[in-house]
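To keep things clear, I will list the structure first and then write my remarks on it.
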Amino acid sequence: MLRLITCQNATMLLEKQADQPMARALRASLWLHLHYCPYCNRYAKQTVLIAEWARASAASRASSKVVLSDNAKQRMRERLAAAG
């Protein structure tokens, strides 16, 4: 049975799903919420981008002392803004 969830619950579930599996009913409720809530949908997309960049940054730092250029930082800002 699908349960309606709030934006607060949706963002909490989005953060938790990266660390632990979610029950099918919760995944379905989150999917439904994201389908109808443009704000949480944007948050979900931004969360994925930030996680990808964090992993890439950690891997890069482990292998070198590379610092992001101002150009790279601007591209990241633009992608975040466009993710919604």
Side-chain angles (χ1 to χ4, degrees):
M1 178 172 153
L2 283 181
R3 177 178 124 213
L4 294 179
I5 59 174
T6 64
C7 292
Q8 184 177 9
N9 289 342
T11 55
M12 180 190 69
L13 289 172
L14 286 166
E15 296 299 329
K16 282 187 172 184
Q17 77 177 359
D19 298 326
Q20 56 190 333
M22 260 194 300
R24 176 182 270 179
L26 271 180
R27 281 195 322 265
S29 293
L30 178 59
W31 177 88
L32 182 64
H33 183 89
L34 294 177
H35 184 71
Y36 288 103
C37 180
Y39 306 108
C40 289
N41 189 306
R42 181 177 184 168
Y43 181 83
K45 291 175 184 177
Q46 289 174 339
T47 299
V48 169
L49 285 174
I50 290 169
E52 288 173 3
W53 293 336
R55 282 192 294 276
S57 177
S60 174
R61 287 178 190 223
S63 63
S64 70
K65 299 292 180 193
V66 175
V67 177
L68 285 176
S69 69
D70 289 337
N71 209 9
K73 290 176 188 177
Q74 181 60 34
R75 284 194 314 271
M76 290 173 75
R77 284 187 201 99
E78 289 168 1
R79 284 199 58 198
L80 276 173

(message) Run the side-chain contact (heavy atoms from CB on, under 4.5 Å) test against Leu26 and tell me which residues pass, sequence neighbours left out.
(response) Arg3, Leu13, Met22

(message) To the closest 0.5 Å, what do you measure between CG (Leu80) and CD1 (Ile50)?
(response) 5.0 Å

(request) Over all heavy atoms of both residues, which pair between Thr11 and Cys40 is shortest? Give the atoms and the distance, please. (result) CG2-SG, 4.4 Å

(request) Give a yes or no on whether Glu78 atom CD has more than 12 heavy-atom contacts from other residues, nucleotides or ligands under 6.0 Å away. (result) yes

(request) Would you mind listing every ring pair (Phe, Tyr, Trp, His ring centres under 6.0 Å) that reaches into residues 33-58, with sequence neighbours excluded? (result) Trp31-His35

(message) If you compare all heavy atoms of Ala83 against all heavy atoms of Lys45, which two are closest, and at what distance to 0.1 Å?
(response) O-CD, 2.8 Å

(message) Using the side-chain contact (heavy atoms from CB on, under 4.5 Å) criterion, which residues pair with Glu52? Sequence neighbours excluded.
(response) Val48, Leu49, Arg55

(message) For the CG atom of Leu30 and the NZ atom of Lys16, what is their distance to the nearest 0.5 Å?
(response) 12.5 Å

(message) Can a donor-acceptor pair be found, under 3.5 Å and without considering hydrogens, that links the side chain of Arg42 to the backbone of Ala81?
(response) yes

(message) Going by the rule side-chain contact (heavy atoms from CB on, under 4.5 Å), which residues pair with Ala72 if we only count those two or more places apart in sequence or in a different chain?
(response) Leu68, Ser69, Arg75

(request) Starting at CG of Leu4, measure out to CG of Asn9 and round the result to the nearest 0.5 Å. (result) 11.0 Å

(message) For Arg77, give me all partners under side-chain contact (heavy atoms from CB on, under 4.5 Å), at least two apart in sequence or on another chain.
(response) Lys73, Gln74

